[in-house]
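Below you'll find the structure, written out as structure tokens, and then a few comments.
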Amino acid sequence: MWTYLGQNFLTDTKIRHYLGDKIKKIYDESWCTVLIEIGPGKWSLTKLIHEISPDFFVIERDNNLIAEGKLKVEWLENVRVIHADVLDVDVDAELKNRWQEANKTLVVGNLPYYITSPILRKFFGEGKQDYVGGVFMVQKEVADKLCTDVQKKSYLWWIVNFGYDVIYLKTVPAKAFSPAPKVTSALIELKRKDVPLSIDFTRFLSFLEDFAPYSRKTLGAIATMLKKKQNKEWLIPETLRGKRLEELGWWDVWEILR
Ligand code: SAM
């Protein structure tokens with residue numbers, strides 16, 4: 001079923017508690033000082049997590065839900081509510097205003113599925129490892145494609161997994177929401193890599209931009225074509241020329257870009 005702003009509210013209390021407990025555990029174990037929730041909706045997850053952090057704020061685009069909450073939810077007056085499109089919010093400036101930093105910040109939410117990719121890219125796909133990590137409800141199909149150990153890697157996989165490991169936590173059936181979405185969902189955790197990759201992200205992005213559009217061809221064939229058509233030179237080691245982009249591991253990427 002199509003919903004306004006991806007509003008499928010999580011009504012299954014067991015899953016809500018599982019999610020709330022997970023967020024608290026990760027927040028505490030990672031020594032976070034800030035918690036951000038994207039899309040609190042009807043405040044049902046917010047109710048479970050708003051006391052985890054003394055510095056908690058939420059970003060919600062739908063003013064009706066905010067107004068409704070203000071009428072019905074007494075503890076909401078203690079929560080900083082940013083009424084905006086999450087993609088437009090300058091989160092770094094918001095953190096600076098609070099004398100806080102991204103590297104102590106955990107980002108969570110039952111995401112609006114129509115903008116899952118841009119949200120993940122905004123917080124975790126820039127090659128920096130600023131944020132501690134995140135816990136998110138996403139479409140199962142997206143979760144399956146993002147997890148660290150997948151065989152075939154998409155563009156989003158590469159840029160998110162550059163700085164973060166993506167861990168599949170739990171499958172969530174459509175009936176856990178109201179209204180029920182058309183798709184099955186899943187919970188994922190994004191965990192900052194313990195040791196950052198020693199690969200330059202800008203150079204990696206330009207490699208991806210050149211090679212990802214031809215993901216069915218081998219690296220050798222793409223390199224030859226790029227040289228011929230655009231006079232662009234990528235030195236692909238002989239052992240990797242027969243591989244496709246999606247088959248590479250980080251070690252292979254390092255070898256190409258070093
Ligand atoms: N957290 C609630 C829950 O678990 O039931 C609601 C989750 S619902 C899937 C997604 C929420 O994101 C909705 O409240 C929706 O209004 C909000 N939302 C949609 N687009 C948004 C955007 N661009 N920026 C911020 N919030 C957005």
Side-chain angles (χ1 to χ4, degrees), residues 1-24 26-27 34-53 56-73 75-76 78-95 105-125 131 134-143 146 156 169-190:
M1 160 177 220
W2 180 86
T3 50
Y4 174 65
L5 291 181
Q7 289 174 350
N8 299 97
F9 301 104
L10 182 60
T11 47
D12 185 309
T13 45
K14 257 195 189 160
I15 294 177
R16 213 188 284 149
H17 279 275
Y18 171 91
L19 179 53
D21 291 348
K22 199 84 198 168
I23 291 168
K24 173 150 178 48
I26 297 170
Y27 182 93
V34 190
L35 181 62
I36 303 176
E37 185 190 1
I38 299 168
K42 294 190 178 176
W43 314 97
S44 55
L45 173 65
T46 323
K47 189 174 157 188
L48 301 180
I49 62 172
H50 74 104
E51 283 176 335
I52 291 177
S53 172
F56 173 61
F57 65 94
V58 303
I59 304 169
E60 171 59 61
R61 184 166 159 188
D62 187 341
N63 197 33
N64 290 331
L65 291 176
I66 297 175
E68 252 175 58
K70 281 187 178 152
L71 285 178
K72 292 184 192 158
V73 184
W75 46 262
L76 202 57
N78 301 322
V79 175
R80 160 108 168 95
V81 179
I82 300 177
H83 172 215
D85 182 330
V86 61
L87 300 177
D88 294 337
V89 177
D90 184 344
V91 181
D92 285 342
E94 187 63 36
L95 291 172
T105 303
L106 185 68
V107 189
V108 303
N110 172 13
L111 295 184
Y113 294 168
Y114 73 104
I115 47 167
T116 302
S117 298
I119 292 174
L120 294 181
R121 285 185 71 160
K122 175 183 172 103
F123 288 93
F124 308 102
Y131 292 90
V135 186
F136 300 108
M137 182 83 74
V138 297
Q139 265 179 258
K140 182 174 183 303
E141 196 190 334
V142 175
L146 274 179
L156 189 64
L169 296 176
K170 201 181 182 50
T171 303
V172 181
K175 66 174 190 223
F177 302 85
S178 175
K182 271 187 183 160
V183 294
T184 302
S185 301
L187 285 169
I188 55 171
E189 177 190 345
L190 273 70

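One-based numbering, in listed order, for ligands and for the atoms of each. Values in this document were obtained by computation on a predicted structure and should not be read as measured data.
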Checklist entry - Would you say Asn8's side chain and Ser178's backbone share a donor-acceptor pair under 3.5 angstrom? => result no
Item to check | Gly41 N/O under 3.5 Å from ligand 1 N/O | outcome: yes
Next on the checklist: I'd like to know if Gly109 contacts ligand 1, where contact means a heavy-atom distance under 4.0 Å to any ligand atom.
Outcome noted: no
Checklist entry - Under 3.5 Å between some N or O of ligand 1 and some N or O of Asn8? => result no
Next on the checklist: A quick test of your reading: do over 12 heavy atoms of other residues, nucleotides or ligands sit less than 6.0 Å from NZ of Lys47?
Outcome noted: no
Checklist entry - Atoms of ligand 1 less than 4.0 Å from Leu111 heavy atoms? => result 9 (C)
Item to check | Taking atom 26 (N) of ligand 1 as the reference point, the nearest protein heavy atom with its distance | outcome: Arg61 N, 3.3 Å
Checklist entry - At under 4.0 Å between heavy atoms, which part of Thr11 makes contact with ligand 1: side chain, backbone, both or neither? => result neither
Checklist entry - What residue and atom, counting heavy atoms only, is the protein's closest point to atom 8 (S) of ligand 1, and at what distance? => result Gly6 O, 3.5 Å
Checklist entry - Tell me: protein heavy atom nearest atom 19 (C) of ligand 1, and distance? => result Leu5 O, 3.1 Å
Next on the checklist: I'd like to check which ligand 1 atoms, numbered from 1 as shown, lie under 4.0 Å from a non-hydrogen atom of Gln7.
Outcome noted: 13 (C), 15 (C), 16 (O)
Checklist entry - Which of the numbered atoms in ligand 1 are below 4.0 angstrom from a heavy atom of Ala84? => result 24 (N), 25 (C)
Checklist entry - So, does Leu87 sit close enough to ligand 1 that a heavy atom of it is under 4.0 Å from the ligand? => result no
Next on the checklist: Quick check for you: to the nearest 0.5 Å, what is the distance between Tyr131 atom OH and Phe124 atom CZ?
Outcome noted: 8.0 Å
Checklist outcome for this item: for atom 24 (N) of ligand 1, nearest protein heavy atom and its distance come out as Val86 N, 2.9 Å
Checklist entry - To the nearest 0.1 Å, how far is atom 6 (C) of ligand 1 from its closest protein heavy atom, and which atom is that? => result Gly39 O, 3.4 Å
Next on the checklist: Between Ile82 and Val58, is the side chain to side chain contact (heavy atoms under 4.5 Å, CB included) condition met? List the steps.
Outcome noted: CA-CA 6 Å; Ile82 300 177; Val58 303; over 6 Å; no
Checklist entry - If you look only at pairs with a residue in residues 5-23, which of them pass as a salt bridge (Lys or Arg N to Asp or Glu O under 4.0 Å), with sequence neighbours excluded? => result none
Item to check | Check: Glu60 side chain, Asp62 main-chain N or O, donor-acceptor pair, under 3.5 Å | outcome: yes
Checklist outcome for this item: A student comparing Tyr114, Phe9, Tyr4 should find that the heavy atom closest to atom 20 (N) of ligand 1 comes from Tyr114
Checklist entry - Distance-only, no hydrogens or angles: does the His83 side chain make a donor-acceptor pair with backbone N or O of Arg61 under 3.5 Å? => result yes
Next on the checklist: Among all protein heavy atoms in this structure, tell me which lies nearest to atom 23 (N) of ligand 1, with the distance rounded to 0.1 Å.
Outcome noted: Asp85 OD1, 3.0 Å
Checklist entry - Can any side-chain N or O of Ser185 pair as donor or acceptor with the backbone N or O of Lys140 at less than 3.5 Å? => result no
Checklist outcome for this item: among protein heavy atoms, the one nearest atom 3 (C) of ligand 1 is Asn110 ND2, 3.4 Å
Checklist entry - Would one find more than 12 heavy atoms of other residues, nucleotides or ligands at under 6.0 Å from atom CD of Glu141? => result no
Checklist entry - Going by the order shown, which atoms of ligand 1 are within less than 4.0 Å of some heavy atom of Leu65? => result 14 (O), 16 (O)
Checklist entry - Which atoms of ligand 1 have any heavy atom of Leu10 under 4.0 Å away? => result 3 (C), 4 (O), 5 (O)
Next on the checklist: If the cut-off is 4.0 Å to any non-hydrogen atom of Ile115, which atoms of ligand 1 fall inside it?
Outcome noted: 22 (C), 23 (N)
Next on the checklist: Taking a cutoff of less than 4.0 Å between a non-hydrogen atom of the residue and any ligand atom, is Ile38 in contact with ligand 1?
Outcome noted: no
Checklist entry - Among all protein non-hydrogen atoms, which one is nearest to atom 14 (O) of ligand 1, and what is the separation to 0.1 Å? => result Glu60 OE1, 2.8 Å
Checklist entry - Distance-only, no hydrogens or angles: does the Lys122 side chain make a donor-acceptor pair with backbone N or O of Val86 under 3.5 Å? => result yes
Item to check | Subset of ligand 1 atoms that lie under 4.0 Å from at least one heavy atom of Pro40 | outcome: 1 (N), 2 (C)
Item to check | Test log, rule side chain to side chain contact (heavy atoms under 4.5 Å, CB included), inputs Leu35 and Phe57 | outcome: CA-CA 7 Å; Leu35 181 62; Phe57 65 94; over 6 Å; no
Checklist entry - Knowing that exactly one of Ile36, Ile23, Leu190 qualifies, which makes a side-chain contact (heavy atoms from CB on, under 4.5 Å) with Leu106? => result Ile23
Item to check | Pairing of Arg80 and Glu94 as salt bridge, 4.0 angstrom limit | outcome: yes
Checklist entry - Do the ring planes of His50 and Phe56 sit parallel (below 30°), tilted (30 to 60°) or perpendicular (above 60°)? => result tilted
Next on the checklist: Could you check whether any heavy atom of Glu37 sits closer than 4.0 Å to an atom of ligand 1, since that is the contact criterion I want to use?
Outcome noted: yes
